[in-house]
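To start, the structure itself, in structure tokens.
Position 1 is the first residue of the sequence; numbering continues from there. As the structure is a prediction and not an experimental result, all values here were calculated from the model.
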Amino acid sequence: MGIYLNPPADGFRAILKRGMYVDKSELIAYINSVLESDRMLTCFSRPRRFGKSFAAKMLTAYYSRGADARSLFEKLKIAKDKESEFEKYLNNCDVLSLDITSFISVAEDISETVNDIQRDVIDELREAFPGFIKENTKSLFKALLQLNAKTGKKFFIIIDEWDALFREAKNNADVQKAYIQMLRSLFKNNQTSQIISGAYMTGILPIKKYGTQSALTDFCEFTMLEPGPLSEFVGFTEKEVRSLCSEYGLDFNGARKWYDGYRFEKIGHVYNPKSIIEAILSKKFSNYWTQTETYESLKIYIDLNYDGLRDAVVDMLGGQSCRIDTGTFQNDMTSLKSRDDVLTLLVHLGYLAYDSETREVCIPNEEVREEFIRAVKHGKRQELVRIIERSDQLLDATLRMDGDAVAEILEEVHETNTAPQYYNNEQALRSVVIMAYISCVDHYLRFEELASGKGYSDILFLPNSMSEKPALLIELKWNKSAEKAITQIMNKDYTRFTKRFGYEGELLLVGINYSTKTRKHTCRIECYRE
């Protein structure tokens with residue numbers, strides 16, 4: 001039992017002791033199914049705070065000979081899965097568990113990180129297997145080869161935050177090259193299967209590309225673009241979130257509004273685990289995940305002056321999706337050459353959700369939308385800053401019940417941010433209105449197309465717990481009148497929606513009409529109280 005070689009189960013034990021554990025142990029069944037096969041190398045990347053380290057600690061506890069983990073797993077799903085070979089591998093593998101961020105944090109110089117990794121692991125191997133590794137051996141691959149030759153041992157290698165060097169030393173090509181060479185020697189070698197029974201790497205980014213090829217082609221990669229059979233382990237599934245909300249008294253509709261938005265084929269909706277747990281603990285919805293890292297990182301990418309990036313951000317802030325080509329992305333943070341590269345990176349970072357069927361991206365939920373708006377407000381793209389400023393003015397005019405000012409601002413936004421071929425398009429009007437009211441994110445939760453039994457309302461802005469502003473109920477009309485929009489709200493009893501969410505304060509009814517003949521907008525605003 002050591003630091004890197006066959007560590008104990010302490011990390012996973014602490015996770016279980018904390019409580020509120022969502023059972024993801026069936027990931028072990030997949031790893032068991034590929035051990036010592038031609039698919040034994042797994043790289044599973046996903047955003048920060050999506051449970052990467054939890055999974056690494058779970059696998060370490062399960063496989064490590066230095067752990068006594070039966071009691072930790074006996075009540076979990078994996079122990080009940082008769083096809084998983086649970087007993088065969090439980091604490092029966094020689095494990096090397098490496099957390100790359102921990103090596104970086106203690107390195108005197110980040111450029112020495114790769115040397116530190118190999119030296120420290122080899123030193124521990126020498127202590128466990130004295131006399132089997134030659135004194136002048138500095139390569140981890142050679143050390144494992146020498147051990148195998150004398151003992152026949154194979155190792156299961158777990159690397160947490162595998163891409164940390166690419167993120168922390170993004171401009172240090174030498175250390176990146178040395179790191180990739182170390183990984184290649186371990187995992188892309190004719191003798192790999194001789195010394196390794198399997199590997200599990202996790203990080204934010206997929207494996208680095210050189211040209212169009214992966215640096216480690218033998219790995220089976222699962223990413224936010226294509227999670228494949230591991231999609232249910234990306235985050236919390238909708239079923240798991242419903243169960244948590246029911247058990248701990250959290251409103252599921254609110255959780256879905258704030259933290260849903262990622263969706264994968266077969267498994268359906270996936271939620272950010274960090275945010276769900278924090279919402280349960282604090283008993284309120286807020287921006288938890290993005291608070292773990294400043295919006296500065298997002299702002300850097302939005303500020304890049306690539307053709308089409310500004311329009312894509314505007315469209316997504318307005319609730320639309322954007323088609324992208326993910327193929328040119330080199331899986332790092334420095335080789336960005338186009339709008340599509342930036343948007344693909346933001347998918348891997350969790351700021352955008354990707355639909356593999358339509359090949360489109362969108363802002364997934366209110367939590368991330370807030371972060372986009374903060375990044376835009378404090379960014380260098382003045383045209384985006386102008387949009388936010390006009391949105392602030394629009395919200396102010398709405399609260400003052402100045403329908404003419406609202407119509408004027410909407411007309412400007414519609415004219416400026418809608419392509420000519422889509423200008424006279426009903427969906428474009430909805431997107432324009434949503435985008436024009438993006439400042440509402442600081443004060444409101446947005447709901448669309450709520451069913452009343454008599455029809456569907458267009459947009460409801462409900463003030464959050466920190467806001468004293470009135471609720472806004474917006475109805476859109478096309479070639480009719482703003483007055484008819486108000487009439488429809490009343491006739492179809494759309495005002496009841498606020499009660500559904502427990503709101504009993506002031507409500508502003510906002511009717512907006514667009515005329516395709518005059519290309520003019522009109523607006524009428526009324527205050528409603530029962």
Answer yes or no: is there a donor N or O on one side and an acceptor on the other, between the side chain of [X] and the main chain of [Y], under 3.5 Å?
{"X": "Thr192", "Y": "Leu186", "answer": "yes"}
{"X": "Lys24", "Y": "Gly235", "answer": "yes"}
{"X": "Asp341", "Y": "Lys337", "answer": "yes"}
{"X": "Asp163", "Y": "Gly203", "answer": "no"}
{"X": "Asn331", "Y": "Ile207", "answer": "yes"}
{"X": "Thr151", "Y": "Leu147", "answer": "yes"}
{"X": "Glu124", "Y": "Ile3", "answer": "yes"}
{"X": "Glu360", "Y": "Ile324", "answer": "no"}

Within 6.0 angstrom of [X] [atom1], more than 12 heavy atoms from elsewhere:
{"X": "Glu238", "atom1": "CD", "answer": "yes"}
{"X": "Lys266", "atom1": "NZ", "answer": "no"}
{"X": "Arg65", "atom1": "CZ", "answer": "yes"}
{"X": "Asn190", "atom1": "CG", "answer": "no"}
{"X": "Asp109", "atom1": "CG", "answer": "yes"}
{"X": "Arg119", "atom1": "CZ", "answer": "yes"}
{"X": "Asp68", "atom1": "CG", "answer": "no"}
{"X": "Lys154", "atom1": "NZ", "answer": "yes"}

[X] [atom1] to [Y] [atom2] distance, which is reported to the nearest 0.5 Å:
{"X": "Leu96", "Y": "Asn6", "atom1": "CG", "atom2": "CG", "value": "7.5 Å"}
{"X": "Met224", "Y": "Tyr354", "atom1": "CE", "atom2": "OH", "value": "12.5 Å"}
{"X": "Thr60", "Y": "Ile158", "atom1": "OG1", "atom2": "CD1", "value": "3.5 Å"}
{"X": "Tyr262", "Y": "Arg46", "atom1": "OH", "atom2": "CZ", "value": "13.0 Å"}
{"X": "Ile31", "Y": "Met58", "atom1": "CD1", "atom2": "CE", "value": "8.5 Å"}

Output, in order, the C-alpha distance, side-chain angles, deciding distance and verdict of side-chain contact (heavy atoms from CB on, under 4.5 Å) for Asp355 and Arg263. CA-CA 7 Å; Asp355 186 323; Arg263 189 179 186 282; over 6 Å; no

Would you call [X] and [Y] a salt bridge, taking side-chain N to carboxylate O under 4.0 Å as the test?
{"X": "Arg256", "Y": "Glu366", "value": "no"}
{"X": "Lys77", "Y": "Asp23", "value": "no"}
{"X": "Arg167", "Y": "Glu161", "value": "yes"}
{"X": "Lys177", "Y": "Asp174", "value": "no"}

Apply side-chain contact (heavy atoms from CB on, under 4.5 Å) to Asp340 and Phe329, showing your working. CA-CA 8 Å; Asp340 287 349; Phe329 181 58; over 6 Å; no

[X] side chain to [Y] side chain, donor-acceptor N/O pair below 3.5 angstrom:
{"X": "Asn32", "Y": "Tyr62", "result": "yes"}
{"X": "Glu240", "Y": "Thr237", "result": "yes"}
{"X": "Thr202", "Y": "Asp160", "result": "no"}

Taking the inter-plane angle between the rings of [X] and [Y] on a 0 to 90° scale, is it parallel (under 30°), tilted (30 to 60°) or perpendicular (over 60°)?
{"X": "Trp162", "Y": "Tyr179", "answer": "parallel"}
{"X": "Phe222", "Y": "Tyr30", "answer": "perpendicular"}
{"X": "Tyr259", "Y": "Tyr288", "answer": "tilted"}

Among all residues two or more places apart in sequence or in another chain, which pass the ring pair (Phe, Tyr, Trp, His ring centres under 6.0 Å) test with Phe155? none

Can you confirm whether or not the ring centre of Phe12 sits under 6.0 Å from the ring centre of Phe73?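 Here the rings of Phe73 and Phe12 have centres that are less than 6.0 Å from each other.
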
Test Leu309 against Ile302 for side-chain contact (heavy atoms from CB on, under 4.5 Å), laying out the working first. CA-CA 7 Å; Leu309 183 57; Ile302 292 178; 5.7 Å; no

Ring-face cation of Arg339 near Tyr306 (centre distance under 6.0 Å, axis angle within 45°): no

Reference residue Phe187; test side chain to side chain contact (heavy atoms under 4.5 Å, CB included); the match among Asp218, Ile196, Thr217: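 Of the listed residues Asp218, Ile196, Thr217, the side chain to side chain contact (heavy atoms under 4.5 Å, CB included) partner of Phe187 is Ile196.
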
Among Asp332, Ile204, Leu336, which residue meets the side chain to side chain contact (heavy atoms under 4.5 Å, CB included) test with Leu345?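 When side chain to side chain contact (heavy atoms under 4.5 Å, CB included) is applied between Leu345 and each of Asp332, Ile204, Leu336, only Leu336 qualifies.
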
Ring pair (Phe, Tyr, Trp, His ring centres under 6.0 Å): pairs with one or both residues in residues 88-137, sequence neighbours excluded: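 Sorted pair list: Tyr4-Phe103.
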
Step-by-step salt bridge (charged side-chain N to carboxylate O under 4.0 Å, His left out) determination, Glu87 to Arg70: CA-CA 9 Å; Glu87 294 288 347; Arg70 179 176 296 277; 2.9 Å; yes

